[in-house]
Undergrad: 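Structure incoming, see below.
Letters A, B, ... mirror the listed sequences (proteins, then strands); counts begin at 1.
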Amino acid sequence: EAGVAQSPRYKIIEKRQSVAFWCNPISGHATLYWYQQILGQGPKLLIQFQNNGVVDDSQLPKDRFSAERLKGVDSTLKIQPAKLEDSAVYLCASSLMGGPSNEQFFGPGTRLTVL
Amino acid sequence: DAKTTQPNSMESNEEEPVHLPCNHSTISGTDYIHWYRQLPSQGPEYVIHGLTSNVNNRMASLAIAEDRKSSTLILHRATLRDAAVYYCILRDVRNDMRFGAGTRLTVKP
């Protein structure tokens, strides 16, 4: 079974530039998550989708971050404009369905460096 | 939100059992206890989860205290590949997964 795919794996940009990350979840998984992991910390949930609808985006900085999951499969996360403090690993995860007993499967992440 | 407390780091010898503790004194009756681990340069990986009863799977065992205010992840025979950061997480009906700093496990040969 193929895992969660993410691209690119690495990205370096200058502050105030824009960047986008792509995620392809495991086939058939209805729930998709984006996390931000700053060096030395645990991942922080940014947004959760159930199919193509947003379930939770309470921790997404909406002035600069946006995410979409058109057609309920792939998802993109965008930062515009980037700040130095956005340097982090951005992780995508998926699960078969939502709910507190379901296992989440994580992708390898995209490491973003903002100069 | 219910929170968890874990030691920052632990050490173990290879092929010996490892007991990783987690305190969650404010756990609610509907919170599930999940454990994930993160190997270097990888995304987190599911290890095990439980609600009230002890659980076993091919990777580990989860022992949950009777009052559910603490739990212990047990690796029966640590290998060098088990060196990782282990996260204890409470998940409620809102499905939130709030990671803490976790426990960094070092396995010595």
Side-chain angles (χ1 to χ4, degrees), chain A residues 1-7 9-10 21 23-26 29-51 53-60 88-112, chain B residues 1-9 20 22 24 27-53 55 57-60 62 64 68 71 84-105:
Chain A
E1 176 182 86
V4 175
Q6 290 188 247
S7 69
R9 291 296 312 276
Y10 304 91
F21 313 124
C23 172
N24 181 236
I26 292 173
H29 280 198
T31 310
L32 185 146
Y33 313 80
W34 283 101
Y35 291 85
Q36 180 193 57
Q37 185 171 25
I38 293 172
L39 187 65
Q41 300 180 18
K44 181 182 84 169
L45 179 68
L46 293 176
I47 190 167
Q48 177 186 343
F49 291 94
Q50 182 73 19
N51 296 309
V54 175
V55 174
D56 181 2
D57 64 356
S58 58
Q59 298 191 94
L60 186 73
V89 175
Y90 291 85
L91 295 159
C92 179
S94 69
S95 62
L96 191 58
M97 58 185 71
S101 66
N102 285 282
E103 174 184 353
Q104 291 188 15
F105 296 82
F106 285 80
T110 296
R111 182 177 298 277
L112 173 67
Chain B
D1 292 339
K3 297 197 185 302
T4 63
T5 304
Q6 299 177 252
N8 290 332
S9 63
L20 297 165
C22 181
H24 29 78
I27 191 170
S28 72
T30 55
D31 286 340
Y32 282 79
I33 302 162
H34 282 249
W35 283 82
Y36 281 72
R37 72 180 186 181
Q38 189 170 22
L39 280 64
S41 300
Q42 296 187 26
E45 172 189 32
Y46 169 82
V47 177
I48 199 166
H49 79 277
L51 184 60
T52 57
S53 303
V55 184
N57 67 20
R58 62 176 179 80
M59 288 182 70
L62 176 60
I64 302 173
R68 301 210 325 130
S71 61
V85 178
Y86 286 78
Y87 297 99
C88 169
I89 302 160
L90 299 182
R91 294 183 69 183
D92 61 17
V93 293
R94 296 173 304 171
N95 196 27
D96 281 8
M97 208 146 79
R98 305 285 173 129
F99 287 81
T103 297
R104 182 173 298 278
L105 175 66

Undergrad: Could you check Ile27(B), Leu20(B), Ile33(B) and say which one makes a side chain to side chain contact (heavy atoms under 4.5 Å, CB included) with Ser71(B)?
TA: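 Going through Ile27(B), Leu20(B), Ile33(B) one by one, the side chain to side chain contact (heavy atoms under 4.5 Å, CB included) with Ser71(B) is satisfied by Ile33(B) alone.
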
Undergrad: Under a 4.5 Å heavy-atom cut-off, does chain B meet the side chain of Gln59(A), its backbone, both or neither?
TA: side chain

Undergrad: A quick test of your reading: do over 12 heavy atoms of other residues, nucleotides or ligands sit less than 6.0 Å from CZ of Arg104(B)?
TA: no

Undergrad: For residues 39-48 of chain B, which side-chain N or O atoms pair as donor and acceptor with protein atoms under 3.5 Å away, sequence neighbours left out?
TA:
| from | atom 1 | to | atom 2 | distance (Å) |
| --- | --- | --- | --- | --- |
| Glu45(B) | OE1 | Arg37(B) | NE | 2.9 |
| Tyr46(B) | OH | His49(B) | N | 3.2 |
| Tyr46(B) | OH | His49(B) | ND1 | 2.7 |

Undergrad: Could you check which of Arg111(A), Gln37(A), Glu103(A) has the highest count of heavy-atom pairs closer than 4.5 Å to chain B?
TA: Glu103(A)

Undergrad: Output the option from Gly109(A), Gly40(A), Pro43(A) having the highest count of non-hydrogen pairs under 4.5 Å with chain B.
TA: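 Going by pairs under 4.5 Å, I would pick Pro43(A).
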
Undergrad: Is it true that the side chains of Thr4(B) and Tyr87(B) contain a donor and an acceptor less than 3.5 Å apart?
TA: no

